[in-house]
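Below: one structure, written as structure tokens.
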Amino acid sequence: MKARMKDGSTGDIKAVWFENGKVRMIDQRKLPLDLVIVEFDDYRDVAEAIKNMTTRGAPCIGASAAYAMCLAGLGGKDLDEAAAFIKAARPTAYDLFYATDWMYSRLKNGDDPVKAADEYADMTVAKCRAIGEYGGALIKDGMRLMTHCNAGALATVDVGTALAPMRNAHDAGRKFFVYASETRPRLQGMQLTAWELNQEGIDHAIIPDGASAYYMSQGVDMIIVGADRIAANGDFANKIGTFDKAICAKRFGIPFYVAAPVSTFDFSTETGKDIVIEQRSETEVTEVNGMRIAPIGSKALNPAFDVTPAELVTGFITEKGIFKPSEISEMRE
Ligand code: MRU
């Protein structure tokens with residue numbers, strides 16, 4: 001992804017990579033104010049970085065898990081223990097489990113840890129490029145799009161899932177506008193998606209989450225979001241607030257697309273009811289910059305994700321093409 005560096009120059013950067021024996025990643029909690037790179041040489045610290053959301057977004061969580069397993073392999077650690085520890089970082093994003101198992105088999109097979117993890121990360125980016133091509137064709141000149149949370153390069157190593165079609169259409173010279181909802185409580189839409197769209201020069205505006213229905217009523221042509229886990233029937237978990245958007249999209253007849261690699265599809269989970277939803281700390285809701293702004297004595301509830309039923313999805317944009325919910329079993333590997 002394009003990023004303005006500290007010295008004012010523009011460079012290319014990935015969300016996570018391996019260099020000189022260390023896993024390096026953008027500290028996504030510091031954006032958009034600071035582009036800070038952190039590095040780790042212990043798999044437990046990478047797992048902690050997934051947990052505290054230094055790195056985040058399902059495919060990027062997967063790549064980070066692959067690099068954590070790489071560190072475990074290089075350090076001669078017990079791979080079963082490492083895999084269990086890494087998988088415990090967050091419960092919902094299926095890529096975390098998929099990538100950890102993928103690396104586990106490669107390491108058990110005696111493969112080079114760095115080459116295998118790099119291959120996993122490169123594969124993720126290649127899938128996003130293909131998602132960009134399939135989804136990019138849906139974006140026409142003059143369209144008004146809406147997205148939620150951050151399903152961009154930061155969430156996927158590079159390129160993105162929901163933002164990949166936008167990058168593709170922008171590179172092809174098409175002009176369109178993006179509503180990026182702020183995404184309470186951690187503000188990934190405002191702080192990360194808007195940062196990426198800015199770096200790319202894509203016309204956009206940040207809107208409060210609660211303004212989505214209003215803008216849909218004024219005219220939105222298409223909604224594209226990412227996913228953390230997609231069940232076999234097409235129900236999918238994504239950042240809290242996605243479900244509201246899908247319901248409103250149905251009300252206004254707006255096509256609602258989910259962009260995700262096949263590694264986000266969990267065919268062992270039959271329906272959305274079986275997806276575990278992460279509950280995060282109350283303070284993410286009650287505090288701003290470490291200062292409590294809610295009344296003392298009020299509780300807060302903070303589910304990180306919600307589940308949108310398949311019937312509200314127009315199509316899944318994947319690296320294998322665009323599938324209706326009724327067609328997704330064709331994707332099984
Ligand atoms: O809690 P986060 O920031 O990891 O949640 C991210 C999302 O919900 C994204 O929309 C999803 O992971 C898709 S990322 C390409």
Side-chain angles (χ1 to χ4, degrees), residues 1 14-16 25-29 31 47 49-65 89-99 121 124-125 127-132 135 146-167 180-196 209 223-230 236-246 256-266 275-281 284-285 302-308 313 316-319:
M1 78 194 91
K14 290 181 181 172
V16 60
M25 58 178 71
I26 297 178
D27 187 341
Q28 300 194 28
R29 301 166 307 174
L31 287 171
I50 294 171
K51 194 175 197 155
N52 66 27
M53 294 176 64
T54 300
T55 185
R56 37 120 339 254
C60 194
I61 289 173
S64 304
R90 291 186 75 185
T92 307
Y94 186 60
D95 298 67
L96 171 66
F97 303 87
Y98 178 93
T124 303
V125 177
K127 290 173 193 175
C128 289
R129 286 197 205 292
I131 289 171
M146 186 178 280
T147 190
H148 188 55
C149 192
N150 171 261
L154 290 163
T156 61
V157 183
D158 207 353
V159 182
T161 52
L163 296 200
M166 301 178 197
R167 283 196 155 87
S181 46
E182 59 178 353
T183 319
R184 285 281 303 161
R186 288 189 68 112
L187 305 176
Q188 297 96 322
M190 177 160 81
Q191 299 188 322
L192 306 179
T193 295
W195 180 78
E196 286 194 40
D209 290 350
I223 297 174
I224 316 180
V225 297
D228 280 81
R229 189 184 292 242
I230 304 165
F236 74 100
N238 193 50
K239 181 54 55 183
I240 191 77
T242 303
F243 185 21
D244 307 42
K245 283 193 172 49
F256 185 92
Y257 285 94
V258 180
V262 176
S263 57
T264 305
F265 287 77
D266 173 11
I275 299 177
V276 177
I277 298 297
E278 176 182 10
Q279 303 292 329
R280 294 188 65 88
S281 150
E284 289 183 351
V285 177
N302 186 15
F305 305 101
D306 54 26
V307 174
T308 300
V313 177
F316 292 96
I317 309 170
T318 77
E319 71 272 25

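Order of listing sets the numbers, starting from 1, for every ligand and every atom in it.
Between the side chain of R90 and the main chain of R56, no donor-acceptor pair closer than 3.5 Å is present. At distances below 3.5 Å, at least one donor-acceptor pair connects side-chain atoms of R167 with backbone N or O atoms of V159. For E284 (side chain) and N302 (main-chain N/O), no donor-acceptor pair under 3.5 Å exists by modelled atom type. Side chain of D228 to main chain of T92: no donor-acceptor pair is present (N/O by atom type, distance under 3.5 Å, no hydrogens or angles).
Contacts of C149 with ligand 1, taken as heavy-atom pairs under 4.0 Å, involve the side chain alone. The part of R90 lying near ligand 1 is the side chain, judged by heavy-atom distances below 4.0 Å.
Note on ligand 1: P59 sits in its first shell, one or more heavy atoms being nearer than 4.0 Å. For the ligand labelled ligand 1, residue A227 lies inside the 4.0 Å heavy-atom shell. Taking 4.0 Å as the cut-off, N150 counts as a neighbour of ligand 1 on heavy-atom distance. Within the 4.0 Å heavy-atom cutoff, M53 counts among the residues contacting ligand 1.
Of all atoms in ligand 1, numbered sequentially from 1 with element shown, those under 4.0 Å from a heavy atom of Q188 are 1 (O), 2 (P), 3 (O). Each of the atoms 12 (O), 14 (S) of ligand 1 lies under 4.0 Å from some heavy atom of A58. Taking every non-hydrogen atom of A155 and a distance limit under 4.0 Å, the qualifying atoms of ligand 1 come out as 14 (S), 15 (C). Annotation for ligand 1: atoms under 4.0 Å from non-hydrogen atoms of T156 are 15 (C). Remark: ligand 1 atoms within the under-4.0 Å shell around heavy atoms of N238 are 7 (C), 8 (O), 9 (C), 10 (O), 11 (C), 13 (C).
Scanning for side chain to side chain contact (heavy atoms under 4.5 Å, CB included) contacts around A194 gives H204, I206, with sequence neighbours left out. By the ring-ring contact (aromatic ring centres under 6.0 Å, His included) test, F316 pairs with F265, sequence neighbours left out.
Of the protein's heavy atoms, K239 CE, 3.3 Å lies nearest to atom 5 (O) of ligand 1. Looking only at heavy atoms of the protein, atom 8 (O) of ligand 1 is closest to D228 OD1, 2.8 Å. The protein heavy-atom contact nearest to atom 15 (C) of ligand 1 is T161 OG1, 3.0 Å.
Nearest heavy atom pair, residue F305 against residue I277, reads O-CG2, 3.2 Å. When every heavy atom of D306 is checked against every heavy atom of G241, the shortest pair comes out as OD2-N, 2.8 Å.
Residue G57 has at least one N or O atom closer than 3.5 Å to an N or O atom of ligand 1. Geometrically, ligand 1 and R56 share a nitrogen or oxygen pair separated by less than 3.5 Å.
Considering K245, Q188, K239 as possible partners of S181, the one that fulfils the side chain to side chain donor-acceptor pair (under 3.5 Å) test is K245.
Taking CD of Q191 as the start and CD of E182 as the end, the distance is 10.0 Å to the nearest 0.5 Å.
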